[in-house]
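Residue numbers start at 1 and run along the sequence shown. If you're wondering where the values come from, they're calculated on a predicted model, not measured in any experiment.
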Amino acid sequence: AFERFNLTYPSGLLNIYNNNITDAGSVAVRFNGPSANVTIQNNKISNAHYGIEFGCLLSECGWYPHYYDALIDGNEIYGMDIEPGIAVKNVNDGSTLTISNNKIHNNNVGNWAAGIGIKDVIKGIVTIAGNDIYNNTSNYAAGIGIRNMSSPGNVTIERNKIRNNSTGYGIGLKDNN
């Protein structure tokens, strides 16, 4: 069975619905590229290093346009051991990203966020709403972590349940400079 998705540079419409992705190795679902409308919805993702990895850091990919309209909604993500259940990197150039109604739990990661981690928000709009984040461990943010947010980046965090996490902040905001 095909257990992992690695999606690079698509354009157009991409939908990933109703999959059970387990023991995927490095990354269960990875999207890396510009110019796409992406929906990742109602998947069960477990036992990998990353659950969903979306985008790449400026230091990894350079400054090419990363325009996307993305929805990550209704997924259950658990058992990650290195990076967040949902890791988003480089939200810029008018991109919109909504992370909503996900259950993210029982992740044990190092120095970033265990639940949702966002890095490099530049000229983009991010909404994190209605997620249930619990039983996670991290040295930084067990719930939601935001790093390197620049003007005019816009992040809204609302109506999330962040509970029963053993270490780290519920919500952590950090500038790496």
Kindly indicate, with the supporting measurements, whether the criterion side chain to side chain donor-acceptor pair (under 3.5 Å) is fulfilled by T127 and T156. CA-CA 5 Å; T127 302; T156 300; 4.9 Å; no
Apply side chain to side chain contact (heavy atoms under 4.5 Å, CB included) to the pair L97 and I72, showing each step before the final yes or no. CA-CA 8 Å; L97 171 65; I72 301 172; 4.2 Å; yes
Step by step, work out the side chain to side chain donor-acceptor pair (under 3.5 Å) result for T137 and N108. CA-CA 5 Å; T137 301; N108 185 2; 4.5 Å; no
Audit row: I116, I133, side chain to side chain contact (heavy atoms under 4.5 Å, CB included) steps and yes/no: CA-CA 9 Å; I116 298 170; I133 304 169; 4.0 Å; yes
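Using a 4.5 Å heavy-atom threshold, the side chains of V27 and H49 count as separate. At a threshold of 4.5 Å between non-hydrogen side-chain atoms, the residues Y140 and R147 count as touching. Looking only at side-chain heavy atoms (C-beta outward), I118 and V155 stay at 4.5 Å or farther from each other. Using a 4.5 Å heavy-atom cutoff, the side chains of D69 and V38 are not in contact. Within the 4.5 Å cutoff, no side-chain heavy atoms of V126 are placed close to those of N154. Annotation: side chain of T39 is in contact with side chain of Y17 (closest heavy-atom distance under 4.5 Å). N75 places a side-chain heavy atom less than 4.5 Å from the side chain of I40.
Minimum heavy-atom separation, G115 to P84: O-CB, 3.9 Å. When all heavy atoms are compared, the tightest approach of A142 to A114 is O-CB, 3.6 Å. Looking at every heavy atom in both residues, G51 comes nearest to A28 through O-CB, 3.3 Å. In terms of heavy-atom proximity, G143 sits nearest to A113 at O-CB, 4.5 Å. When all heavy atoms are compared, the tightest approach of A141 to G172 is CB-N, 4.0 Å.
Interatomic distance, I82 CD1 to Y50 OH, rounded to the nearest 0.5 Å: 8.0 Å. Here the straight-line distance linking atom CG of N107 with atom CE of M80 works out to 5.5 Å at 0.5 Å rounding. Residue N43 holds its CG atom at 11.0 Å from CD of E76, rounded to the nearest 0.5 Å. The structure places CD1 of I125 at 7.0 Å from OG1 of T96, a figure rounded to the nearest 0.5 Å. Between the OG atom of S166 and the CG atom of N136 there is a distance of 8.0 Å, given to the nearest 0.5 Å. Summarising the geometry, atom OG belonging to S100 is positioned 8.5 Å from atom CZ belonging to R159; distances are rounded to the nearest 0.5 Å.
Checked against side-chain hydrogen bond (donor to acceptor under 3.5 Å, both in side chains), T98 has no partners two or more places apart in sequence or in another chain. Not counting sequence neighbours, the partners of D132 by the salt bridge (Lys or Arg N to Asp or Glu O under 4.0 Å) test are R163.
L173 is not connected to V109 by any chain of hydrophobic side-chain contacts under 4.5 Å among Ile, Leu, Val, Met, Phe, Trp and Tyr, and they are in different clusters. In the hydrophobic clustering of ILVMFWY residues, with side-chain heavy atoms under 4.5 Å counting as a link, I157 and I77 come out together. Note: the hydrophobic cluster containing L71 does not contain I21 (ILVMFWY, side chain heavy atoms under 4.5 Å, direct or indirect links). I104 and I171 fall within the same hydrophobic cluster, where Ile, Leu, Val, Met, Phe, Trp and Tyr residues are linked whenever their side-chain heavy atoms come under 4.5 Å apart, directly or through other members.
Counting non-hydrogen atoms of other residues, nucleotides and ligands closer than 6.0 Å to OH of Y169 gives a total of 12 or fewer.
Ring geometry for H105 against Y78 counts as parallel: the plane angle stays under 30°, on a 0 to 90° scale with 60° as the upper cut.
One side chain, N131 or N102, offers a donor N or O that lies under 3.5 Å from an acceptor on the other.
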